[in-house]
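Counting starts at 1 for both ligands and their atoms, in listed order. Owing to the predicted nature of the structure, the values given are computational and were not obtained by experimental measurement.
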Amino acid sequence: MNYQANKQGFYGEFGGAYIPEILYGCVHELQQTYLQIIESKEFQTEYHELLRDYVGRPSPLYHAKRLSERYGAKIYLKREDLNHTGAHKINNTIGQILLAQKMGKTRIIAETGAGQHGVATATVCALMNLPCVVYMGKLDVERQQPNVKKMEMLGATVVPVTSGNMTLKDATNEAIRDWCSHPSDTFYIIGSTVGPHPYPDMVARLQSVISAEIKEQLQEKEGRSYPDHLMACVGGGSNAAGTVYHYLDDERVKITLAEAAGKGIDSGESAATIHLGTEGIIHGSRTLLMQTPDGQIVEPYSISAGLDYPGIGPLHAHLARSGRAQILAVSDDEAIRAAFELTQLEGIIPALESAHALGALPHMKFKTSDVVVLTVSGRGDKDMDTYLKYFKR
Ligand SMILES: *Cc1c(COP(=O)(O)O)cnc(C)c1O
């Protein structure tokens with residue numbers, strides 16, 4: 001089985017670039033140049049220097065002893081929560097801003113849900129002195145004020161989007177609309193392994209530093225470079241793609257991905273795209289998405305704004321359909337319980353998104369000798385309001 005995108009950006013039947021005519025030129029230009037630039041020595045040097053000195057990489061691989069005892073396996077946490085700006089998103093935005101510069105683009109746009117990708121994009125735009133416009137659903141603007149203020153302090157313009165249910169999907173539509181009106185000077189920094197080819201492949205490559213580090217760190221700590229299990233949460237799929245990238249062809253490594261079940265898969269309030277989705281096209285790629293029989297998008301729901309998306313990256317749709325990855329749906333309640341458990345056992349407050357990966361642990365059957373690597377994609381600072389509501393009960 002092949003898990004890499006082909007020339008047209010397909011992973012099996014998923015992927016591709018379904019774009020309006022007006023974007024053909026700029027998407028084609030990106031398809032033709034991204035690999036050449038990303039693989040160049042100059043790019044690699046600048047990218048890795050920034051990851052080290054600005055982001056703080058490598059992120060630690062931490063043996064969580066008390067959590068390990070609880071679940072009967074040797075559990076390591078890949079600590080993306082310790083990165084600058086608090087999540088894995090910055091690995092990708094650093095790479096894309098360098099690419100934008102090298103392609104001579106002078107204006108940056110982005111979409112954001114909870115605001116983590118917006119902050120990571122506004123951060124690299126400040127760093128590189130490029131103007132930045134971030135599209136954000138009006139509801140998310142109201143729910144995520146601290147991140148809105150951070151983006152503004154960083155110099156970005158935050159545009160509240162009032163279409164649809166005013167969340168991530170609608171922000172993405174609006175960013176694509178902007179891109180269509182400024183195709184020549186504007187670079188669209190997409191925040192996950194979604195969108196038209198080459199974005200899913202490009203973002204997966206930029207996040208693959210996560211699994212490159214896991215390999216080295218496991219070699220050092222365990223004397224072998226692979227784990228028995230890899231676990232991560234999936235919204236669009238970027239932290240998961242980074243976590244599994246260098247292990248995709250290694251069948252010794254079992255992959256488990258956690259998507260958001262919201263109030264339960266059958267509750268009608270869920271974002272379990274892989275469980276509930278059917279084939280369709282969203283934001284430029286063919287993938288699994290939550291839709292009605294006549295193709296209207298079903299509004300997703302999750303307690304975690306970062307997982308609240310009706311689609312999924314085409315790579316992940318392929319990993320699920322081919323059986324390479326096991327997909328578990330983890331509910332709001334299970335994620336909250338897992339967040340408190342990690343906090344009390346290890347003194348680490350995870351992001352609500354990452355708590356879904358942790359919430360998959362009770363569903364796993366481990367052998368005591370198993371080595372497990374679970375990616376903590378971000379820290380919980382942004383979610384304190386939500387956690388406190390549960391704490392009081
Ligand atoms: C955005 C986000 C996610 C979900 O996005 P992926 O592309 O699926 O990784 C997960 N965790 C955190 C902390 C995030 O900010």
Side-chain angles (χ1 to χ4, degrees), residues 59 77-93 96 110-121 123 134 136 140 144 146-147 150 167-168 171-172 189-195 199-200 202-211 230-245 257-260 271-274 283 285 287 300 302-317 319-320 325 327 330 335 338-339 342 348-360 374-384 386:
S59 65
L77 302 177
K78 183 59 173 162
R79 299 288 309 277
E80 295 301 301
D81 58 311
L82 294 177
N83 293 340
H84 179 43
T85 69
H88 65 292
K89 297 262 168 37
I90 191 96
N91 305 328
N92 171 46
T93 59
Q96 287 199 46
E111 84 296 335
T112 197
Q116 290 302 103
H117 174 59
V119 169
T121 304
T123 297
V134 179
M136 188 171 187
D140 290 334
Q144 311 286 340
N147 275 341
K150 277 188 199 169
T167 59
L168 178 58
T172 308
I189 298 189
I190 295 185
S192 191
T193 40
V194 299
Y199 281 96
M202 181 166 75
V203 175
R205 284 169 189 267
L206 294 173
Q207 290 290 0
S208 72
V209 62
I210 298 174
S211 51
L230 284 171
M231 299 177 69
C233 66
V234 269
S238 67
N239 88 88
T243 302
V244 305
Y245 192 85
L257 305 178
E259 61 177 4
T273 311
I274 300 177
H283 299 142
S285 101
T287 186
S302 163
I303 193 169
S304 139
L307 304 183
D308 195 353
Y309 183 69
I312 177 75
L315 164 63
H316 308 69
L319 292 178
I327 316 294
V330 173
L342 185 73
I348 297 169
I349 302 179
L352 259 170
E353 292 82 7
S354 322
H356 285 73
L358 294 157
L374 184 151
T375 294
V376 179
S377 52
R379 64 177 88 122
D381 306 25
K382 68 184 178 54
D383 300 310
M384 284 315 294
T386 309

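Judged by distance alone, with hydrogens and angles left aside, the side-chain atoms of Ser285 form no donor-acceptor pair with the main-chain N or O of Val194 at under 3.5 Å. Thr121 places no side-chain N or O within 3.5 Å of a backbone atom of Ala110 that could act as its donor or acceptor partner. Using modelled atom types, one side-chain atom of Glu259 and one backbone atom of Thr273 make a donor-acceptor pair closer than 3.5 Å.
When each of His117, Gln116, Lys382 is tested with Asn147 by the rule side chain to side chain donor-acceptor pair (under 3.5 Å), just one qualifies, namely Gln116.
Residue contact check for ligand 1: His88 places a non-hydrogen atom closer than 4.0 Å to it. Residue contact annotation: Lys89 has a non-hydrogen atom under 4.0 Å from ligand 1.
Taking atom 4 (C) of ligand 1 as the reference point, the nearest protein heavy-atom neighbour is Gly306 O, 3.5 Å. Given atom 10 (C) of ligand 1, the protein heavy atom at minimum distance is Glu353 CB, 3.4 Å. Here the heavy atom of the protein found nearest to atom 12 (C) of ligand 1 is Ser377 OG, 3.5 Å. Of all protein heavy atoms, the one closest to atom 6 (P) of ligand 1 is Ser238 N, 3.3 Å.
In this structure, NE2 on His84 lies 5.5 Å from CD1 on Ile90, to the nearest 0.5 angstrom. With rounding to the nearest 0.5 angstrom, the CG atom of Leu352 is 10.5 Å from the CE atom of Met384. The distance from atom OG of Ser59 to atom CZ of Arg79, rounded to the nearest 0.5 Å, is 9.0 Å.
Taking every non-hydrogen atom of Gly378 and a distance limit under 4.0 Å, the qualifying atoms of ligand 1 come out as 13 (C). Each of the following atoms of ligand 1 lies closer than 4.0 Å to a heavy atom of Val234: 8 (O). With ligand atoms numbered from 1 in the order given, ligand 1 contributes 8 (O) to contacts under 4.0 Å with heavy atoms of Gly235. The contact set between ligand 1 and Gln116, taken as ligand atoms under 4.0 Å from a residue heavy atom, comprises 15 (O).
In terms of heavy atoms, Ile189 sits closest to Glu111 at O-OE1, 3.8 Å.
Within the 4.0 Å heavy-atom criterion, the part of Ala351 lying near ligand 1 is the side chain and not the backbone.
Of the N and O atoms on the side chains of Gln207 and Asn92, not one donor lies less than 3.5 Å from an acceptor on the other residue.
Surrounding CD1 of Ile327 are more than 12 heavy atoms belonging to other residues, nucleotides or ligands, all under 6.0 Å away.
Between Gly237 and ligand 1, a contact under 3.5 Å exists for at least one N or O pair. Below 3.5 Å of separation, one finds an N or O of Asn239 facing an N or O of ligand 1. Not a single N or O atom of Ala240, backbone or side chain, sits closer than 3.5 Å to an N or O atom of ligand 1. Among the atoms of Ser192, some N or O lies under 3.5 angstrom from an N or O of ligand 1. Ligand 1 has no nitrogen or oxygen under 3.5 angstrom from a nitrogen or oxygen of Cys233.
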